[in-house]
Amino acid sequence: MTRLTTVARGLITALAAVLAATAPTATSQAKTGPGPHAPDDFVALKSVDPTIIQEMRYFTPHNFVGERIDGYAQPICVLTRPAAQALHRAQTKLLRQGYTLKVYDCYRPQRAVNHFVRWAKDLDDQAMKGEFYPNVDKTRLFADGYIAEKSGHSRGSTLDVTLVKVPAKPTRPYHPGEPLVQCFAPKDERFPDNSVDMGTGFDCFDTLSHTLDPRVQGEQRANRLLLKSTLEGLGFVNLAEEWWHYTYKPEPYPDTYFDFPVSRKALTSAH
């Protein structure tokens, strides 16, 4: 074997090692779900439990961005089937106690998360600060964990949820441009959500939203604990920083971040 051949073989071996080291792992390959359609085990929540109220905030301009969020083609809750079935079991228990669940958000496409990130980087856009993050400087949204480049919602088993007493009264529509009230103001002062009083509104960027914040007591704390104990008893795990945020475990897709739109077509086309 010539020295040139030996050197060439050495270079090839080294190159192969570099390529192997830099090749994506199985986990990283799974970070973005393929295609515009959902896997077969994603369902519309309404098909599993039509009694759960759906107020899909990101389909509307009543959210911290102030406009409909990318990827929300229809105002429907989409979840993995195991998460939807567990939520149905929770609803059955709560209805017997005089409450119904209401979801604000369920599966969230990656394109919606990207929309949040673009908004968070635009420091001039603070149109909804007065309601959703009155005490947080927008430059702190990433550092304080309010905005991130990935969301568990995109894996399909996470939802934002609250309780409503039955019979449920309707929530009036939000009118863009209306005066904003701080999300932690007393319930009769902030936006008139038909939810029970949880101490803050949904998506309130404030430490008062921490599920067990000691400043939240009385009826507000009891409401949070009722939601928490019911859902955790059926396989959901609460995010400690957000009283409304729950993930069903074990997740069918713990490493996959999907980007199909929130629409019935994305579901029906998958079958």
Side-chain angles (χ1 to χ4, degrees), residues 42-64 68-69 71-109 112 131-132 152-153 156-175 183 187-188 190-204 209 211 219-220 222-236 238-239 242-248 261-264 267:
F42 275 76
V43 297
L45 176 62
K46 188 174 182 180
S47 70
V48 177
D49 192 318
T51 69
I52 296 173
I53 299 171
Q54 300 186 32
E55 185 181 313
M56 309 310 292
R57 286 286 188 89
Y58 300 136
F59 182 78
T60 79
H62 189 206
N63 58 65
F64 56 85
R68 185 190 296 184
I69 304 303
Y72 288 84
Q74 291 178 303
I76 61 173
C77 171
V78 172
L79 289 169
T80 59
R81 188 179 299 278
Q85 291 173 336
L87 204 62
H88 166 65
R89 292 191 288 273
Q91 175 76 339
T92 300
K93 293 184 66 173
L94 288 164
L95 286 173
R96 290 197 287 263
Q97 300 174 65
Y99 298 91
T100 176
L101 292 166
K102 179 173 81 169
V103 290
Y104 294 112
D105 192 38
C106 300
Y107 159 72
R108 180 185 306 165
E131 178 174 352
F132 291 97
H153 282 271
S157 298
T158 294
L159 63 148
D160 296 329
V161 61
T162 189
L163 295 173
V164 177
K165 286 185 177 180
V166 293
K169 299 177 181 177
T171 294
R172 73 161 175 82
Y174 165 78
H175 302 290
C183 54
K187 181 172 173 59
D188 60 355
R190 60 182 185 260
F191 184 83
D193 191 318
N194 63 358
S195 167
V196 300
D197 189 1
M198 293 291 192
T200 77
F202 165 60
D203 258 358
C204 188
S209 294
T211 307
E219 179 184 355
Q220 298 170 339
N223 289 335
R224 292 186 183 191
L225 292 178
L226 174 59
L227 180 64
K228 187 174 189 289
S229 62
T230 302
L231 292 180
E232 288 188 341
L234 293 166
F236 289 92
N238 175 237
L239 178 67
E242 298 177 354
W243 59 257
W244 56 83
H245 181 117
Y246 287 84
T247 299
Y248 181 74
V262 177
S263 70
R264 293 181 188 89
L267 295 173

Contact check, side chains of K169 and V164, non-hydrogen atoms, under 4.5 Å = no
Just wondering, do L226 and L94 contact through their side chains at under 4.5 Å, heavy atoms?
-> yes
Heavy-atom closest contact (F42 atom, V78 atom, distance) = CD2-CG1, 3.9 Å
Does a donor on one side chain sit under 3.5 Å from an acceptor on the other, for D203 and Y58?
-> yes
Check whether any side-chain heavy atom of T162 sits under 4.5 Å from a side-chain heavy atom of E55, and report yes or no.
-> no
Might you point out which heavy atoms bring Y248 and P82 nearest each other, and give the distance in Å?
-> CE2-CB, 3.7 Å
Less than 4.5 Å apart, any side-chain heavy atom of L231 and any of L87?
-> yes
Student check: side-chain heavy atoms of I69 and R108 closer than 4.5 Å | no
May I ask you to decide if P61's main-chain N or O and R68's side chain share a donor-acceptor pair within less than 3.5 Å?
-> no
Grab the two heavy atoms, one from C106 and one from H153, that are nearest each other, plus how far apart they are.
-> O-ND1, 2.8 Å
Distance from D197 atom CG to Q220 atom CD, nearest 0.5 Å?
-> 4.0 Å
Which atom names give the shortest non-hydrogen contact between G71 and P109, and what distance separates them?
-> O-CG, 3.8 Å
Would you call D160-R57 a salt bridge at under 4.0 Å N-O?
-> no
Which value, rounded to the nearest 0.5 Å, describes the distance between L227 atom CG and N238 atom CG?
-> 8.0 Å
Can you find a heavy atom in the side chain of S195 that is under 4.5 Å from one in the side chain of Y104?
-> yes
Measure the CD1-CG distance between I76 and L45 for me, rounded to the nearest 0.5 Å.
-> 10.0 Å
Can you name the closest pair of heavy atoms from K187 and D193 and give their distance?
-> NZ-O, 3.1 Å
Separation of L159 CG from T247 OG1 (nearest 0.5 Å) | 7.5 Å
Step through the shown structure and confirm whether more than 12 heavy atoms of other residues, nucleotides or ligands are within 6.0 Å of NZ on K46.
-> no
Got M56 and V262 here, is their nearest side-chain heavy-atom distance under 4.5 Å?
-> no
Does S157 use its side chain to pair, donor to acceptor, with the backbone of T80 at less than 3.5 Å?
-> no
Which atom of I52 lies closest to which atom of L101, heavy atoms considered = CG2-O, 3.6 Å
Is there a side-chain hydrogen bond (donor to acceptor under 3.5 Å, both in side chains) between D105 and Y72 once you walk through the steps?
-> CA-CA 10 Å; D105 192 38; Y72 288 84; 2.8 Å; yes
Value rounded to 0.5 Å, distance of CG in L239 from OH in Y246 = 10.0 Å
Would you please test L267 and V43 for side chain to side chain contact (heavy atoms under 4.5 Å, CB included) and show each step?
-> CA-CA 7 Å; L267 295 173; V43 297; 5.8 Å; no
Evaluation steps, side chain to side chain contact (heavy atoms under 4.5 Å, CB included), between F191 and E131 = CA-CA 9 Å; F191 184 83; E131 178 174 352; 4.0 Å; yes
Taking the side chain as every heavy atom from C-beta outward, state whether S263 and Q74 have any pair of such atoms under 4.5 Å apart.
-> yes
CZ-SG distance between F202 and C183, expressed to the nearest 0.5 angstrom | 11.5 Å
